[in-house]
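Here is the structure we will look at.
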Amino acid sequence: AKLAGYLCNPSSNDYSVERLCAEYAVEAGGEFEEEIYKNTALLTGVCDTLENRLGESGQARVLTDIELPLSTVLADMEKTGFLVNAEGLKSLGEELLERSNEIKKEIYEIAGTEFNVNSPKQLGEILFEKLNIPSGKKTKNGYSTSADILDGLRYDYPIVDKVLSYRQLTKLKSTYCDGLLSAVSEDGRIHTTFNQTEARTGRISSLEPNLQNIPVRTDEGKKLREFFIARDGYTLCDADYSQIELRVLASIADDKNMIAAFNSGVDIHTATASEVFGIPVDMVLPIMRSRAKAVNFGIVYGIGAFSLGKDIGVSRKEAQMYIDNYLKTYNGVARYMDNVIMHAKENGFVTTYFGRRRYLPELSSSNHMVRSFGERVARNAPIQGTAADIIKIAMVNVYNRLKSDYPDSKLILQIHDELIVECPEKDKDAVCRLLEEEMQNAADLKVTLSVDAHSGKNWLEAKG
DNA sequence: CCTGACTCGC
DNA sequence: ATGCGAGTCAGGA
């Protein structure tokens, strides 16, 4: 009933039977001697109603073919858990604490006073008032001290550089070393909880602890992944989709140029730069690729010229030019973006390739900001949601094949476009091939899905 | 106990 | 004024 309620309205935050009965006007008729009989009648009634609603909205198979089988897979993944090297986490935590304390002292020296560096309020006063560092006043309570503001100042002001380092180290220590250590069970493994009814696009989320946001971007953060390991005699296989959201976009927008770009085998951001700037692939400079990449990401999120400009450090005008050229190059995408909003305004919802819905009451708001948000969501939700559907289908298929062919191998984690399996060492190559095959074949799109799989004794190594 | 600010992931 | 999440800390109710 909970999963059916989620599909009927993924924007709700309460799928209790009480709440579902109220929302779908289900009442239990007649007299009941005991509470449990009444509750059973209510549950039966609300299931019937939800099933009808799903049939009417074309989501019956999303429930029966995706979410219900997936719930078994997720339960198994939670129960299995991910083995960690707790000793390693502990000693890294101690090292980080020492280093952050050193940096904290240096910050106090430059500031000429001791204060709580973790307090944005106190930090803002020190940096922008006491030390007169130029600021952009931003938040409603005072100065913004966020990384994108401080980044521009770090080379001119050593204290700013130290604050950023301090933040990085304390984040790793408190959220990851301490946070993960406190979540290690008696079996030495971390058992996350997957929430299947939280994300409005159809993604799953991970909590207590969140294993979907373990650091990977910085060298400092990457070290943590060495502590996520396979048990003795076993190996980790890690497989991830390459550019799944852009491939989904190319396919559902039926954009001939973007499809051709993917089929050419050239890196998609380089191919995009080549198209947008009208130059051969081998003339694309790193800066061009990086801007094309930012536009590719921005398009998926429904970005505007203002934010894109800020993101890549160019004027709003120049950013608008990039977007215009992009939409001229990929005119199927431009057409799709217009159509999806038109459809959403007419019907009040958008759908994924597999029929998952998201309702968008924001589109009829009189508030321009709310309405614009609704339009960005209308552009993004079918893309993000279709990618979520695809990996869910892959997970069910991988699970079933592992169960029958490699029963000692277990799916242990999903991170939106990535799956991790713990398998006997001898099976690692076969399991990598199995992952690639099932992930690639989870959906038949107009662009082939590309998957890379690697294996290793720890997560960092298995990333390849 | 809640909200805002911040930072981590895709 | 770029989509979807979660955890930690500060600060105030």
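Chain A is the first sequence line, chain B the second, and so forth, proteins listed ahead of strands; every chain is numbered from 1. Small disclaimer: the values here were computed from a predicted structure and weren't measured.
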Test item: Glu362(A) and Asn367(A) side chains (from C-beta on) under 4.5 Å apart, heavy atoms: no
Sugar-phosphate only, base, or nothing, as touched by Leu308(A) at under 4.0 Å among non-hydrogen atoms: nothing
From dC6(B), dG5(C), dG3(C), nucleotide with atom closest to Arg203(A) side chain: dG3(C)
Sugar-phosphate, base or nothing in reach of Lys140(A), heavy atoms under 4.0 Å: sugar-phosphate
Lys162(A) with Glu109(A): basic N within carboxylate O range, under 4.0 Å: no
Short side-chain N/O contact from Ser144(A) to OP1 or OP2 of dC6(B), under 4.0 Å: yes
Sugar-phosphate only, base, or nothing, as touched by Ser206(A) at under 4.0 Å among non-hydrogen atoms: sugar-phosphate
Spacing between Glu125(A) atom CD and dA10(C) atom C1', to the nearest angstrom: 13 Å
Whole-Å gap separating P (dA10(C)) and CG (Asn118(A)): 5 Å
Ser206(A) side chain to Thr192(A) side chain, donor-acceptor N/O pair below 3.5 angstrom: yes
5' priority, DNA chain C, between Ser182(A) and Pro10(A) [closest heavy atom]: Pro10(A)
Sugar-phosphate only, base, or nothing, as touched by Asp311(A) at under 4.0 Å among non-hydrogen atoms: base
